[in-house]
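Below is one structure; the comments refer to it alone.
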Protein chains: 2
Amino acid sequence: MNQASRPQSVDTAPATGRASDAIVSQIQQRILSGELAHNSPLPSERDLMEQFSASRTVIREAVAALASRGFLEAKPRYRPIVRKPGYDTALNSVGSIVELMLRQEDGVRSLFQARVFVERGLVRDAATSATREDIAALKDALAANERAIPESDAFFATDVAFHGVLYRIPQNPLFPTLHAAYASWLAPHWCQMLRSPERNQVNFASHQAIYTAILERDPDAAEEALVTHLDTAWNHVRETFGLD
Amino acid sequence: MNQASRPQSVDTAPATGRASDAIVSQIQQRILSGELAHNSPLPSERDLMEQFSASRTVIREAVAALASRGFLEAKPRYRPIVRKPGYDTALNSVGSIVELMLRQEDGVRSLFQARVFVERGLVRDAATSATREDIAALKDALAANERAIPESDAFFATDVAFHGVLYRIPQNPLFPTLHAAYASWLAPHWCQMLRSPERNQVNFASHQAIYTAILERDPDAAEEALVTHLDTAWNHVRETFGLD
DNA sequence: TGCGGCTCCTTGGTCAGACCAAACTTTCCG
DNA sequence: CGGAAAGTTTGGTCTGACCAAGGAGCCGCA
C-alpha cells in the first residue's frame, strides 16, 4: 500500500474502451514483478476496488480476465491464488480447446501424428547426443517399465514415464511441458483401451528396442523402432475407437 | 426461441458454484451445433438474460468467458461475433503468454530451439516422402525467395513462406498452424534485426541447399543444411540481442 | 433520385447498493 | 487443549440506473 493511493497516475492505456484492461495490466505487472507473490492469495475484491478506485464490476471483470489467462487460479468460492505463468500454463490454456478437437476423430489422428513426429526427432536426438545420465535415466525407466508388465495401470504410468525421459533429454523446458500436455490429452483415450500383460510385453519390447538403438548411437534404428512402436499403438487406438 | 422458455431443464452442471458455467456451456453448444452461426453476431445481452432468465451480470460473465476461450470475438463496443474455434484459435490463446515468455531471453532460445527441432523433422520427412506437388511448391517458394533478395522486407516474407511449405508437406493441419504461430511470435524479433541483400543471399543459398537435398531424397543432408541454416540465423539473433 | 448529415433508439460498459451463502476467524465450552 | 458455535469476511448474484458510442431511420440539400 505504498503507492496505491494514486493508482491512476500510472495508467498505461486510458484511451481504450475497457476500464478493466488497465487494471488487468497493472495487476499482471504486480504479479510478474513479484509484488504479488506466487501462490499467495489476491487481495479481496473490495480491497482492489478501493486500490484502483473502480467499481466491483470492473474488478471482477479484471480478475476473471487474469484467471482466464492463467495469472490467477480461481476456484469457485475461494480467494483467487496468484500464479506466475510458466510454459505449463501456456499449454494448459490450450487444453480446453484441444479437448474439443479431440472429440472429432480427425483431431485425435492429427495430434497423435504430431506426437509421432516430435518423438521421432527426440529419439534421433537421444541417439546422437544423450549423455551418460540420460542413458541411465532411460535404463531406469525401462526397468520400471518391465517390472510393471503384470499390472496394466502401473504399466501405463511407466510407459508414459519412459517417453517422458526422452522429452527431457534435449534440455529444453518446452518439451517436458509438451509431454505432460500430450499425456493429459491422450490419457482419457488410452484409459478406454483394453490392456493386457501380453500387450504390455509387446510395448516393453518396443521400448527396449528403442533403448538399445539409442545405446548403440544409431538414430535410424531408434527412429524406426519408435515409429514401429507408435504405429502399433495407433493401430490399437484405431481398433478401439473404430477410426478411419 | 423454441425451447428457450425452459432453459434450466437442460442444465449440464447445476451443482457447481458458478451460475455462468451453465450458460457458457449452453452457448458453447449452440455455437458448435451451428444454431449460432459462425461469424454472426451474438444476441444482445438483454436478449440473452431473458432467454436464460439470468441477470446481466451472469450473462456478461459468460460472454467474457466465451470470448476468452475463443468462441466469441468481442471488440470493445461492438456486438460479439460468434467464432467456431479451430486449431488457430487454440494457438492464438497461447499467444499472449508466449509473448510474455519471449521477453526473458531464455524463452526465445527455447522457442527457437524447439523450432529447429521441429523443422529438422520436417525436412527429413520432406526428403523421404515429399510428393511431386510438394517439390513443385518448394521450387516456387525458392524462386520467389531468390527474386526477393534485393528487398529485405519482401525477402523476409518469402523466407517465411518457404519454411511454410515445409510445414504443409506432412498434411497435418497442426503444422501450418504451428508455423503461423512461430512466425507471429518470432517476427517482432526478426524485424528488429538488421538485414541486407548479402545476408539474404546467404539465406537463399541455405534454402537452396535444403531444397536440393530434398530433391535428392537425402534426409541427412537436408537435416544438416537446415541445421546450418538455422544455426546461422540464431547467431544473428544472438548478435542482435546480445544473448548468452 | 441519391446521399450526406442529423436524430433517436439500441446496446455495451460502468456504477452503486443490496442480499445470500459459503469460507474464514474468533470465541467459548467441555 | 481441541472442537463446536457464533460472528465476520468475502465471493457470487441480482436490481436498477446512467452514459456514451453504434446503428437505423429520417430529412433536407444537391
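The structure displayed is predicted, hence computed values, not measured ones. Values reported hereafter were calculated over all heavy atoms of this structure, with side chains retained and with hydrogens, waters and symmetry mates removed. So you know, we letter chains A, B, ... as the sequences are listed, proteins then strands, and number each from 1.
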Electrostatic pair B:R168:B:D134 at N-O distance under 4.0 angstrom:
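Salt bridge flag = no for B:D134 with B:R168.
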
Please report the interatomic distance CE(A:M193) to CZ(A:R199), rounded to the nearest 0.5 Å.
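Separation between the atoms: 6.0 Å.
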
Looking at side-chain heavy atoms only, is the closest gap between [X] and [Y] below 4.5 Å?
| X | Y | value |
| --- | --- | --- |
| B:N145 | B:N200 | no |
| B:V58 | B:F52 | no |
| B:L48 | B:L42 | yes |

Under 3.5 Å, side chain of B:S184 to main-chain N/O of B:A181, donor-acceptor pair present?
yes

Along DNA chain C (nearest heavy atom to each residue), the more 5'-positioned of A:M49 and A:R77:
A:M49

Residue whose closest nucleotide on DNA chain C lies nearer the 5' end, B:L42 versus A:Y78:
B:L42

Neighbours of DNA chain D within residues 55-74 of chain B, by heavy-atom distance under 4.0 Å:
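Within residues 55-74 of chain B, the residues near DNA chain D are B:S55, B:R56, B:T57, B:V58, B:E61.
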
Kindly write out the residues that satisfy ring-ring contact (aromatic ring centres under 6.0 Å, His included) with B:H207, not counting sequence neighbours, or none if the list is empty.
B:F162, B:H163, B:H229

Does A:F175 have any ring-ring contact (aromatic ring centres under 6.0 Å, His included) partners at least two apart in sequence or in another chain, and if so, which?
B:F117

With sequence neighbours left out, the residues meeting side-chain contact (heavy atoms from CB on, under 4.5 Å) with A:A65 are A:V24

Below 4.0 Å from chain A heavy atoms, what is the first contacting nucleotide of DNA chain D and what is the last?
D:dT10 to D:dT13

A:R46 near the nucleic acid: base, sugar-phosphate alone, or nothing, with a heavy-atom cut-off under 4.0 Å?
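Base contact.
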
With B:L32, which of B:R30, B:E35, B:Q29, B:Q28 fulfils side-chain contact (heavy atoms from CB on, under 4.5 Å)?
B:Q28

From the 5' end of DNA chain C to its 3' end, which nucleotides mark the outer limits of contact with chain A, defined by a 4.0 Å heavy-atom distance cut-off (strictly under)?
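Going 5' to 3' along DNA chain C, contacts run C:dG13 to C:dC24.
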
